Amino acid sequence: MTELLLGQVLSFAADPFEAGPEAARLDEALVIEAGRIAAVGAADALRRNWPQARVTDYGRDLISAGFIDAHAHYPQTAIIASWGKRLIDWLNSYTFPEEMRFADPAYAAEVAARYLDLTLANGTTSVCSYCSIHPASVDALMSEAQARGQRIWAGKTCMDRNAPEGLRDTAQSAHDDSAALLAKWHGVDRLSYVITPRFSPTSTPEQLEALGGLWAANPSCLMQTHLSEQLDEIDWVKGLYPNARDYLDTYEAHGLLGRGGLYGHAIHLEPREKARLAEVDASLIHCPTSNTFIGSGLFDMGGLKAAGHRIGLATDTGGGSSFSMLRTMAAAYEIGQLRGRALHPAELWWLATQGSARSLLADDRIGNIAPGMEADLVVIDLGSTPAIAQATTRAETIWQALFPTIMLGDDRAIRAVWIGGTPRG
Ligand code: GUN
Ligand code: ZN
């Protein structure tokens with residue numbers, strides 16, 4: 001079935017951090033064939049060229065690439081918005097007890113389905129998620145995403161110290177379980193396996209070394225971990241790895257630094273760390289609602305983008321306080337303001353789509369609307385609540401029309417989601 005969608009079609013010809021808001025394009029229509037974008041352009045021309053297409057008219061709604069959440073922990077779905085802790089006691093009080101429950105495959109399957117329901121309802125078509133240490137937690141998310149036709153990335157979280165009994169593997173079992181899951185899922189349909197050491201404090205050097213070896217043997221995989229989120233955490237890493245030059249060095253020394261490496265948070269970076277991350281073209285993942293919620297600090301988007309870093313945007317569910325990438329963009333805007341850099345709506349939208357796709361090395365497939373791209377789309381109602389509608393009635397530009405939805409919008413703004421060319425509600 002050929003599909004023709006009418007609306008305000010937003011795409012990016014370049015990175016607006018480099019080219020300015022003019023990097024964005026607005027068209028009237030797009031055509032989908034065999035799950036991919038076949039054409040973008042003027043409505044009349046596309047109607048003429050595809051007279052047999054089924055037409056869906058979204059009126060003045062915005063049609064965009066679906067949102068891509070580049071760092072989430074789906075096993076933390078049920079503990080989102082838990083009160084009053086900072087990173088290390090938050091992990092011990094809320095996260096680890098909840099992740100323990102994923103020893104039960106039925107519970108993992110239930111939460112995986114709920115998590116993908118919640119993210120899709122918020123317009124997120126792709127995620128890159130940590131699972132728990134249990135291999136069945138990876139099977140649960142992969143199977144559920146496969147059934148929905150989604151492009152996702154996920155991996156078994158590896159921890160062999162500083163975690164409770166029942167949530168620890170070993171260097172060898174982490175390697176072997178990850179290798180088996182990689183063989184089972186990586187490249188199957190739209191699924192990709194991600195090698196996932198949680199962070200240096202919960203891995204021995206031996207475990208980091210084993211996972212570095214697995215990454216070297218499987219360079220088409222991404223690798224995800226956490227880096228320099230809170231000052232207490234950095235002190236802890238210094239104590240655990242006395243010979244490391246800095247936090248990043250604990251990864252670098254064990255083969256866990258490179259292109260395709262995703263480093264969540266990356267707030268309190270030292271000059272050497274920034275230089276090395278840029279040099280190897282690693283991906284930094286900004287998790288703004290998490291950084292304010294857990295009290296971690298203010299990511300330097302302006303400075304790091306200007307220095308050429310590859311940066312994605314993410315919720316960090318459930319350290320993050322929302323499943324919504326709209327709310328995540330709003331928090332990124334607020335953190336930018338606190339650092340003296342007001343991110344333009346074009347920059348925010350680009351981060352939630354193209355930026356995250358680039359961070360996952362997948363911008364040739366998802367994160368934009370252009371011929372050949374996979375048709376993962378979100379359709380946004382630009383007047384979804386009375387508060388937003390009254391603010392947008394005066395808008396003279398698309399950015400004035402879109403910014404109130406970025407700041408005030410939620411799942412009510414999501415008019416429709418398309419996955420691989422198929423509408424989902
Ligand atoms: N650092 C190590 N594990 C986690 C986690 O689950 N959430 C956050 N925010 N930081 C972490
Ligand atoms: Zn995280």
Side-chain angles (χ1 to χ4, degrees), residues 69-82 84-102 111 115 119 127-134 137 141 153-164 167-169 174 194-203 207-208 211 222-237 240 247-248 250-251 256 261-268 283-299 312-323 328 331 335 356 359-360:
D69 187 344
H71 178 127
H73 300 256
Y74 98 82
Q76 298 171 18
T77 296
I79 56 142
I80 196 166
S82 293
K85 306 281 181 181
R86 293 174 70 84
L87 178 59
I88 296 161
D89 57 346
W90 175 84
L91 284 171
N92 288 319
S93 308
Y94 299 124
T95 308
F96 291 159
E98 178 63 17
E99 291 189 9
M100 204 90 85
R101 299 183 64 179
F102 286 71
V111 177
Y115 170 73
T119 45
V127 299
C128 181
S129 184
Y130 291 62
C131 301
S132 69
I133 75 147
H134 313 96
S137 74
L141 187 64
W153 288 257
K156 173 197 127 67
T157 294
C158 299
M159 299 195 274
D160 67 345
R161 65 168 161 173
N162 294 319
L167 267 197
R168 288 193 306 270
D169 48 21
V194 190
I195 296 164
T196 308
R198 178 172 222 123
F199 66 157
S200 292
T202 49
S203 288
Q207 180 168 84
L208 295 182
L211 294 173
L222 302 177
M223 187 288 303
Q224 62 183 346
T225 191
H226 295 85
L227 177 67
S228 294
E229 180 178 1
Q230 289 207 344
L231 298 175
D232 288 355
E233 170 208 13
I234 296 169
D235 287 343
W236 193 19
V237 170
L240 290 168
Y247 194 159
L248 185 66
T250 63
Y251 298 128
L256 292 170
L262 315 174
Y263 301 87
H265 305 291
I267 298 169
H268 309 282
S283 301
L284 310 184
I285 312 298
H286 179 33
C287 307
T289 73
S290 170
N291 299 160
T292 52
F293 184 75
I294 313 185
S296 302
L298 306 177
F299 183 83
L313 189 66
T315 61
D316 190 31
T317 296
S321 55
S322 176
F323 295 98
T328 303
I335 288 179
S356 282
S359 76
L360 299 167

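First listed ligand is number 1; within each ligand, the first listed atom is number 1. On a predicted model such as this, the values are computed, not experimentally measured, just so you know.
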Please could you name the atoms of ligand 1 that Leu91 approaches to less than 4.0 Å, counting only its heavy atoms?
3 (N), 4 (C), 5 (C), 6 (O)
So, is Glu229 polar-close to ligand 1, with some N/O to N/O distance under 3.5 Å?
yes
What N/O/S atom of Asp316 gets nearest to the Zn ion (ligand 2)?
OD1
Less than 3.5 Å apart, any donor N or O on the side chain of Ser359 or Ser283 sitting next to an acceptor on the other?
no
If you measure from the Lys or Arg side-chain nitrogens to the Asp or Glu carboxylate oxygens, is any gap between Glu99 and Arg198 under 4.0 Å?
yes
Donor-acceptor pair, side chain of Thr292 and main chain of Pro288, under 3.5 angstrom
yes
Counting heavy atoms only, which part of His265 comes closer than 4.0 Å to ligand 1: side chain, backbone, both or neither?
side chain
Under 3.5 Å, side chain of Ser82 to main-chain N/O of Ile79, donor-acceptor pair present?
yes
Should you measure from each heavy atom of Phe199, which atoms of ligand 1 turn up under 4.0 Å away?
1 (N), 2 (C)
Please indicate whether any nitrogen or oxygen in Asp316 is less than 3.5 Å from any nitrogen or oxygen in ligand 1.
yes
Using only atom types and a distance under 3.5 Å, with no angle test, would you say the side chain of Arg161 pairs donor to acceptor with the backbone of Thr202?
no
Looking only at heavy atoms of Gln76, does any of them come nearer than 4.0 Å to an atom of ligand 1?
yes
Please determine if the Zn ion (ligand 2) has an N/O/S atom from Cys287 lying under 2.8 Å away.
no
N/O to N/O below 3.5 Å, does that happen between Trp90 and ligand 1?
no
Would a line drawn from the ring center of Phe102 to the ring center of His134 be shorter than 6.0 Å?
no
Restricting His73 to its N/O/S atoms, the closest one to the Zn ion (ligand 2) is NE2
Indicate if the distance from the Zn ion (ligand 2) to the nearest N, O or S atom of His71 falls below 2.8 Å.
yes
Just need the protein heavy atom nearest to atom 3 (N) of ligand 1, so name the residue and atom and give the distance.
Arg198 NE, 2.8 Å
Proximal atoms of ligand 1 relative to Ile294 (non-hydrogen, under 4.0 Å):
9 (N)
Side chains of Tyr130 and Gln76: is there a donor and an acceptor less than 3.5 Å apart?
no
Going by distance alone, is a donor N or O of one side chain under 3.5 Å from an acceptor N or O of the other, for His71 and His226?
yes
If I compare all heavy atoms of Ser321 with all of Thr289, which pair ends up nearest, and what's the gap?
N-OG1, 3.0 Å
